[in-house]
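What follows is a short report on a single structure.
If you're wondering where the values come from, they're calculated on a predicted model, not measured in any experiment.
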Amino acid sequence: MAGQRTNRWSGVARRERAALVGLIAGRARRLEAERSLEELGGLAEAAGADVVLRVLQERPKPDPSTFLGAGKIEMLAASAAETDVDLVVFDNELTPAQLRQIEEEVGRKIVDRTQLILDIFARRARTREGKLQVELAQLKYLLPRLVGAGAALSRLGGGIGTRGPGETKLETDRRRIRTRIHAIADDIEQVRRRRGQLRERRHKSAVPTVALVGYTNAGKTTLFNRLTKAGAEASNALFVTLDPLIRQVRLPDRRELLVSDTVGFIDRLPHALVAAFRATLEETADADLVLHVIDAPAPDRDRRIAAVRQVLEEIEAADVPLLEVYNKCDALTPDERRRVCDLDPSAVCISALNGDGIDELVETITSRVALDVRRVTLTFNPDDAEDRERIARLYRHGTVVLHESRDGRVSIVADVPRRLADRL
């Protein structure tokens, strides 16, 4: 099993034992570095490892060859041997030269933060689309790391950092990797075009779209299930949702909207992943409203909010109307909850798990997607099939103020979204 090792004496599979390494460099604060290392531990556990050693090194800047410096690397090698570590995970992206030098001196498998996240995505991907996007990101990560890394990249036996294309001989041939990258990119481009066509069809049917975004494990999928009555997998783990989900929701005023849920964001989300998942992240950039789901009790909440905003900018979704939704508010004290509300009066405090605040959230969504409305007066022939369909669409996507039947004609006064007025 990926992420496990088989004990040669008992034959029982065991989880890999991991050491975490962080660096306090420049103006970085120790508390921030410790929280980042804590998050790295969660990533390692999500990849199937048990964390048995944590190392934090303070230095002005990373060492160009060993990242930590010669003395600290020797100490790391001794500690890894003493604790029987299988792999060492660095909380930064390492250069190819650093990877090779550290692995040679420590004598253990070395994985950096980017490779670990890619590994988790490889484990989580279920659909063909998700697997293609993860493989593309992995291959782009591996390509510049091939020189002199043949032995490291062609290991047998699997484990963290070797899932997906890392388990094949593909990386020994740069030309074949580039060919594969082009082939996957073409397949993903077809996915992007297909998604674009589906979005255009939704626009023509005048159904507004609300996209859920947020830091990983903020509770997006639990909220998605609460809003859509769906049964998507949700758990207290990182990156459970990888493949995008879109479901229909009927609002109290009888209008319909679509809610989409996709991969959670994380601080320093690998650029290769953002690029590979652009086809699905475009759902967010093209939405009518973005719900930014925030883990309200998280001690590093501000850092997570900043990380999500950075990814929104990267996928060109920063201009989409946004509503901040503070989740898990049932875990806050009354004073903490009051401070959150004072901090952002337009935000909504909810608990997706027990349903607190959901009605208020739905009302807010309803008002936000209907803010830009135009009052129209339309006349229809009820005997005409096309006009009957237009009346049905008017009731489905607008708010009818007056409905009158006179002299065989139907006159309707309604408030409709401005973007749909011409079509209706």
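- Taking all atoms of both residues into account, the shortest heavy-atom contact from Val362 to Leu227 is CG2-CD2, 3.9 Å.
- Checked against Lys328 for a side-chain contact (heavy atoms from CB on, under 4.5 Å), the options Ser351, Pro297, Cys349 give a single hit: Pro297.
- Arg301 places no side-chain N or O within donor-acceptor distance of the main-chain N or O of Asp295, the cut-off being under 3.5 Å.
- With sequence neighbours left out, Arg409 forms a salt bridge (Lys or Arg N to Asp or Glu O under 4.0 Å) with no residue at all.
- Of the possible polar contacts, one joining the Gln98 side chain to the Asp63 backbone as a donor-acceptor pair under 3.5 Å is found.
- Checking side-chain atoms of Asp112 against main-chain N and O of Phe90 turns up no donor-acceptor pair under 3.5 Å.
- Between atom CZ of residue Arg337 and atom SG of residue Cys329 there is a gap of 5.0 Å, rounded to the nearest 0.5 Å.
- Proximity of a side-chain donor or acceptor of Arg108 to a complementary backbone N or O of Val85 within less than 3.5 Å is detected.
- The shortest side-chain heavy-atom distance between Ile358 and Leu223 falls under the 4.5 Å cut-off.
- Here the side chain of Asp300 pairs no donor or acceptor atom with the backbone of Arg303 at under 3.5 angstrom.
- Asn327 places a side-chain N or O within 3.5 Å of a backbone atom of Ala352 that can act as its donor or acceptor partner.
- Considering all non-hydrogen atoms of both residues, Ala44 and Leu116 come closest at N-CD2, 3.8 Å.
- Between Gly214 and Val308, the shortest heavy-atom distance links the atoms C-CG2, 3.7 Å.
- Panel note: side chain Arg113, backbone Glu93; no donor-acceptor pair is recorded below 3.5 Å.
- Glu324 meets the side chain to side chain contact (heavy atoms under 4.5 Å, CB included) test with His292, Ile294, Ile305, Arg309, Leu322, Tyr326, Asp344, Ala347; sequence neighbours excluded.
- No side-chain donor-acceptor contact under 3.5 Å links Asp387 to the backbone of Phe380.
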